[in-house]
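Report on the structure given below.
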Amino acid sequence: GIAETPLLILRYRQQHAAQRVRLTAPEYTMLSALKSGADFNIALVETQGKTGITQGELSAQIGAWLSSWLHRGLISRVR
């Protein structure tokens, strides 16, 4: 049979237009943790624990995710 995998879609508005983008499970988990108010380092640990992504893989991806989130207006400042 066909294995079911969840389709993780981020929906947002940018310049009055609805946008959507598909996320990987680790990116979704990290963004969700941050949205819930988790400290950045806690969100990293949570992402590793929930998705099994290695520290090396996470380190390689986090810069691209942050850049993408800034570009899309999902995050606007760092405290």
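We number each residue from 1, following the sequence as shown. Because only heavy atoms are used, hydrogens play no part in the values below, and waters and symmetry mates are left out as well, while side chains stay in.
Here the side chains of Trp65 and Ile75 are not in contact, with every heavy-atom distance at 4.5 Å or above. Side chains of Glu57 and Thr54 form a contact here, defined as non-hydrogen atoms less than 4.5 Å apart. For the pair Arg20 and Leu10, the minimum side-chain heavy-atom distance is 4.5 Å or more. Side-chain contact between Leu74 and Leu31 is present, with at least one heavy-atom pair separated by less than 4.5 Å. The closest side-chain heavy-atom distance from Leu44 to Ile62 is below 4.5 Å.
Looking only at distances, a side-chain donor or acceptor of Gln14 sits under 3.5 Å from a matching main-chain atom of His71. Judged by distance alone, with hydrogens and angles left aside, the side-chain atoms of Gln48 form no donor-acceptor pair with the main-chain N or O of Val45 at under 3.5 Å. In this structure, the side chain of Thr47 engages the main chain of Ala43 through a donor-acceptor pair within 3.5 Å.
In the hydrophobic clustering of this structure, Ile42 does not group with Met30; members are Ile, Leu, Val, Met, Phe, Trp, Tyr whose side-chain heavy atoms approach within less than 4.5 Å, directly or through other members.
Listed by first and then second residue, the side-chain hydrogen bond (donor to acceptor under 3.5 Å, both in side chains) pairs that reach into residues 23-46 are Glu27-Trp69, sequence neighbours excluded.
With sequence neighbours excluded, no residue forms a side-chain hydrogen bond (donor to acceptor under 3.5 Å, both in side chains) with Gln61. In terms of the side-chain hydrogen bond (donor to acceptor under 3.5 Å, both in side chains) criterion, residue partners of Ser68 (sequence neighbours excluded) are, by chain and number, Arg72.
Here the shortest heavy-atom pairing between Pro26 and Ile53 reads CB-CD1, 3.8 Å.
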